[in-house]
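Down below is the structure, laid out as structure tokens.
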Amino acid sequence: MTHKGLDSDHRVVYSRHFHHSSRPAQVEWEDEMFHAAAEDLAWLQEDEDQLLCRSSGCIIVFTKISDLYIFLAGSGLHDELILSELLTAIVAVLRALMPKGPTAGGVLDLYAKVCLGMDEMVVAGNVEQLDPQKVILLSSLRWDKVNLA
């Protein structure tokens, strides 16, 4: 599984890979993922439903929020439904962290909190948590307030 965020100039703001590969291989995969979705990016409107494409046997789900593009890619256990649910949760967490609306600058300003939130949702490439409220509580280290049952 891979997830990443790009700004409106297509610069990487956030990226996480959960497969063991070298940094050049990760950059090559990010480029391939972007080019697979590039045709649809021109048509993608802000806060529109998620779009889907395939590349190299992987499913790529992506969306746009203000000046931020968010991509998720997976294969095997990570089908389009799981990726779509995860993308919905990521957007909800970003909106909770940034009440004025998620932006690329906001992700950079709150990078540590964003990373903690993403790490609560996806652990070692496995989707662990999709409830945005629990993700916010867990990533703010308020695990004592969370009912995990």
pair [X]-[Y]: side-chain heavy atoms closer than 4.5 Å:
X: I60; Y: S55; answer: yes
X: T103; Y: L68; answer: no
X: Q129; Y: V123; answer: no

Nearest heavy atoms of P132 and A92, plus distance in Å | CG-CB, 3.5 Å
For E120 and E128, work out which heavy atoms get closest and say how close.
-> O-CB, 3.9 Å
Could you tell me whether a side-chain N or O of T63 sits under 3.5 Å from a main-chain N or O of I70, the two making a donor and an acceptor?
-> no
Side-chain donor-acceptor contacts of residues 80-88 below 3.5 Å, not counting sequence neighbours, with atom names and distances?
unit_1, atom_1, unit_2, atom_2, d
S84, OG, Q50, OE1, 2.5
T88, OG1, Q50, NE2, 2.9
T88, OG1, S84, O, 3.0

Distance col, row R95:CZ vs I136:CD1, nearest 0.5 angstrom, shows 13.0 Å
Checking side-chain contact (heavy atoms from CB on, under 4.5 Å) against M98, which of V93, D109, L110 comes through?
-> L110
